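Note sheet for the following structure.
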Amino acid sequence: MTPGELDDLFADLIGQIDRLDVDALELMAAAYDQAGDVDRARELWVMAENRRGSDRL
């Protein structure tokens, strides 16, 4: 899939990104990485890591 196709596929999830759990963010990050959009993947991995850190508090 292309990054644009992933945007279409994940449109509903992206709209609710603040409510996604760490696993969902990492799954999306891996998909974007596989599609070649490493910048979007990095953003999602950072969000997942931040969310993981806040869950520990």
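For this chain, numbers begin at 1 and follow the sequence in order. Just so it is clear, the model here is predicted, and its values are computed rather than measured.
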Minimum heavy-atom distance Ala29-Ala41, with the two atoms named: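 So the minimum-distance heavy-atom pair works out to O-CB, 3.3 Å.
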Could you pull out all residues at least two apart from Asn50 that satisfy side chain to side chain donor-acceptor pair (under 3.5 Å)?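 By the side chain to side chain donor-acceptor pair (under 3.5 Å) rule, Asn50 matches no residue at all.
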So do the side chains of Glu26 and Arg52 get within less than 4.5 Å of each other, counting heavy atoms only?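 Yes. Closest side-chain heavy atoms under 4.5 Å.
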Residues in side-chain contact (heavy atoms from CB on, under 4.5 Å) contact with Leu9, at least two apart in sequence or another chain: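 If we apply the side-chain contact (heavy atoms from CB on, under 4.5 Å) test to Leu9, skipping adjacent residues, the hits are Met1, Leu6.
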Just list the side-chain donor-acceptor pairs under 3.5 Å for residues 13-22, sequence neighbours left out, or say none.
| unit_1 | atom_1 | unit_2 | atom_2 | d |
| --- | --- | --- | --- | --- |
| Asp21 | OD1 | Asp23 | N | 3.3 |
| Asp21 | OD1 | Ala24 | N | 2.8 |

Once side chain to side chain donor-acceptor pair (under 3.5 Å) is applied, what residue pairs with a partner in residues 33-46 remain, sequence neighbours excluded?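 Qualifying pairs, neighbours excluded: Asp7-Arg40, Tyr32-Arg40, Asp39-Arg42.
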Kindly check if the number of other-residue, nucleotide or ligand heavy atoms within 6.0 Å of CG (Asp8) is above 12?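 Yes, enclosed.
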Mind checking whether Met47 and Leu27 sit in one hydrophobic cluster, side chains of I, L, V, M, F, W, Y counted as touching below 4.5 Å?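 No, it is not one cluster - the side chains of Met47 and Leu27 are not joined through contacts under 4.5 Å.
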